[in-house]
Peer 1: 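Take this structure, written in structure tokens, and hold onto it; I'll ask about it next.
Counting starts at 1 for both ligands and their atoms, following the listed order.
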Amino acid sequence: MADLKLKLRELCREGSLKEAMHILLSINKLHVDPSLYLQLLQTCIAKNALSEAKQIHLHINDNDTGFKLSTHTNLQSKLISMYDKLGSLQNARTVFDNMSEPTLSSWNTIIGAYRRHGFPQEALVLFHQMQQTSVKPDSFTLSSILPACASMEAVEKGMEIHRTIIESSFLSDVVVGNALVDMYAKCGRMHMARELFDKMPLRNVVSWNSIISRYAQNGVLDEALSLFEEMPERNVVSWNVVVAGYAQNGFLEKALEILTQMQMLGVKPNSATFSSILPACTQMGSLEQGVEIHRRILENGFLSDIVLSNTLIAMYAKCGSIRKAREVFDKLPNRDLVSWNAIIAGYAQHGLVERALEVFNQMQQADVQSDQFTVSSILSVCTKTGALERGVEVHQRVIESGLLSEVVAVNALIDMYAKCGKIQKARQLFEKMYDRNVISWTTMIAGYALHGYGKDSLELFELMKHSGIDPNHVSFVCVLYACNHAGLVDEGCKYFNHIIPNLDHYACMVDLLGRAGYLEEALNFIIKMPVKPDDVVWMGLFAACKSSKNLWLAEFVAEFVFELDPKSASPYVLLSNIYADLGRWDGVQKVRKTMKDRGIKKIPGYSWIEVCKMVHTFCVGDRSHPQTQEIYAVLETLSWEMKEAGYIPDTRPLLNDVDEVEKKLLLCPHSEMLAIAFGLLNTSPGTSIRVVKNLRVCGDCHATTKIISKIVAREIIVRDANRFHHFKDGECSCGDYW
Ligand code: ZN
Ligand code: ZN
């Protein structure tokens with residue numbers, strides 16, 4: 001037995017967690033003491049192994065050999081800090097709540113955890129509770145709760161803590177002093193921050209760096225620079241603050257200049273220097289400067305720095321060069337979870353579902369435990385391309401890796417099921433959720449809206465308010481959107497009157513009025529808006545002009561949209577379609593010429609279809625697919641059958657004849673037609689076909705798909721940029737209203 005215990009400790013030291021777990025589960029519990037548990041938990045932290053951590057926690061709870069967790073405060077504290085580090089706040093909280101008398105260090109851990117996980121409000125509540133006990137906050141507690149006030153801009157609360165600090169004479173503590181200065185600065189009280197800073201009995205370089213960086217972040221670059229030149233002793237961090245200040249305010253060239261200056265003065269940049277500029281490149285999409293920084297990183301020998309390399313991967317992915325991102329990833333000598341997440345997120349952002357999944361599989365093979373961010377980015381790409389079967393696989397992995405209790409992961413699963421057409425499955429998951437947040441509710445509400453189930457959306461929204469969750473502005477957008485797609489004008493107006501609207505809400509209302517045919521009301525609504533309407537608001541009315549065939553108003557509105565969104569092709573396409581619907585081919589020609597003159601290009605339309613866990617992508621007139629010949633043959637048969645059965649799509653009654661439809665379908669079919677034909681070829685009769693399209697379905701394709709659904713006796717489900725269309729027996733669930 002002693003041997004096994006020794007072996008177990010040895011395995012922990014080596015980091016061979018799986019084998020250690022094997023031994024742990026096989027030996028008599030009597031022999032497992034707190035110190036061994038502590039060592040195992042430490043290994044879980046090092047290996048980022050949440051599911052093993054949970055197993056060990058269970059083992060501790062089930063240890064009935066006279067062992068009581070409640071009597072081992074250091075083990076409880078360790079569990080809390082472990083769950084915090086592994087990102088499972090809920091489990092950390094459960095352990096904390098079970099402590100009969102939480103120690104100072106556990107209070108500090110749990111308060112810090114809530115703050116770091118983005119729940120400053122909860123951190124403040126806990127701090128308040130702590131003040132009711134006999135445990136007195138120390139400098140660690142204070143310097144951890146002040147940033148919580150800062151992130152909520154809760155300056156009143158911050159001032160209250162300031163008083164506590166004065167009373168408990170912690171003001172001379174430089175760490176606490178720094179946190180206080182920072183709190184005032186972040187709450188926009190720069191004068192107060194500066195006054196405190198000037199009065200600080202003891203200032204260290206952190207104090208200087210922090211006040212300079214606040215000036216820089218507020219865009220007061222002159223003051224930042226002058227303090228930097230006032231400064232008694234500068235370290236590399238001080239330089240970094242100034243470099244970051246310029247970078248984050250969008251002056252990338254200037255930031256690079258200061259970097260050069262710093263190197264010339266013999267100050268060697270560290271990895272933080274670069275990791276402060278890179279996110280600015282990422283945000284601004286400045287690939288050119290990004291490449292330059294990459295070069296300097298190489299020059300300074302920092303490429304083995306994993307944090308920097310991960311930031312580089314994210315930068316390249318977001319600046320559009322996924323190939324360079326992959327290059328950096330491939331060259332990494334060691335990869336951590338963040339590296340895998342960065343490259344997967346990169347592929348996901350680019351919609352490259354198969355690549356993302358391929359890397360995800362490699363990650364599993366390399367035995368790297370995924371976290372909720374891995375699965376939510378992999379799910380986002382499944383959602384985007386409608387890859388339901390793959391999504392179901394990921395769901396299985398989520399269960400296996402013990403992530404089903406993580407809200408972010410479950411929210412992503414709900415979104416995936418809802419947007420892949422499995423709304424009931426989404427609801428099941430939602431119902432089983434232990435702890436729903438506003439995003440869970442909003443995702444589900446949006447899911448119903450997307451399917452056109454307006455009533456269910458509104459019901460859920462009421463339920464949400466009832467259960468004490470405050471809707472955010474996105475929840476209201478979803479509710480208005482639900483009203484739109486179910487034609488619930490009165491309900492929409494009712495909800496609208498209860499909110500402080502932003503542009504998204506105004507756009508929804510215009511859309512709602514316009515769709516219901518109240519064009520004049522919609523126009524009046526826009527004119528009376530207290531804020532300047534943007535292109536999206538005008539687009540709502542513009543689209544309504546199409547369904548009402550109101551050319552005069554359309555031409556009037558078009559001018560606003562062209563001016564507000566000069567680069568977008570969709571208003572031009574819309575206007576051209578309105579002309580076409582009315583048989584005004586001169587108008588169509590005119591729009592085409594304007595587009596050409598102004599150099600406006602259409603966004604390419606894409607459709608995705610998943611068959612046997614493979615996602616196939618099609619664009620308009622695509623002939624690149626290996627099954628192209630068969631696909632076009634299917635379309636030819638379909639168009640012949642349509643002709644035989646005497647169908648003529650009625651979208652353009654004046655002009656359309658069968659030949660015209662046929663020409664379009666066979667010569668240059670829209671992407672969803674190709675995807676549907678591919679689906680018919682490769683799935684068994686009777687099964688439904690699911691297609692996802694990145695743009696709105698056009699009137700012709702909509703009409704054609706209705707007929708196809710009848711001819712082939714299949715349900716065809718198309719999710720376009722706007723909503724779900726369930727085509728069946730020649731009808732569509734949207735009621736031709738999308
Ligand atoms: Zn089309
Ligand atoms: Zn439809």
Peer 1: Check for me whether Arg427 meets the cation-pi criterion with Tyr448, that is, NZ or CZ under 6.0 Å from the six-membered ring centre and within 45 degrees of the ring axis.
Peer 2: no

Peer 1: Measuring from the Zn ion (ligand 2), name the closest N, O or S atom belonging to His725.
Peer 2: ND1

Peer 1: Phe496 and Phe476: ring-ring contact (aromatic ring centres under 6.0 Å, His included), yes or no, with the steps?
Peer 2: CA-CA 8 Å; Phe496 182 79; Phe476 275 106; 9.9 Å; no

Peer 1: Please determine if the Zn ion (ligand 1) has an N/O/S atom from His702 lying under 2.8 Å away.
Peer 2: no

Peer 1: Give, rounded to 10 degrees, the angle between SG (Cys701) and SG (Cys698) as seen from the Zn ion (ligand 1).
Peer 2: 110°

Peer 1: Is His726 close enough to the Zn ion (ligand 2) that one of its N, O or S atoms comes in under 2.8 Å?
Peer 2: no

Peer 1: Restricting to salt bridge (Lys or Arg N to Asp or Glu O under 4.0 Å), what partner residues turn up for Glu641, sequence neighbours left out?
Peer 2: none

Peer 1: With respect to the Zn ion (ligand 1), what is the nearest N, O or S atom of His670?
Peer 2: ND1

Peer 1: Could you give the distance from NZ (Lys465) to CZ (Phe461), rounded to the nearest 0.5 Å?
Peer 2: 5.0 Å

Peer 1: In terms of the angle between their ring planes, are Phe724 and His726 parallel, tilted or perpendicular, with boundaries placed at 30° and 60°?
Peer 2: tilted

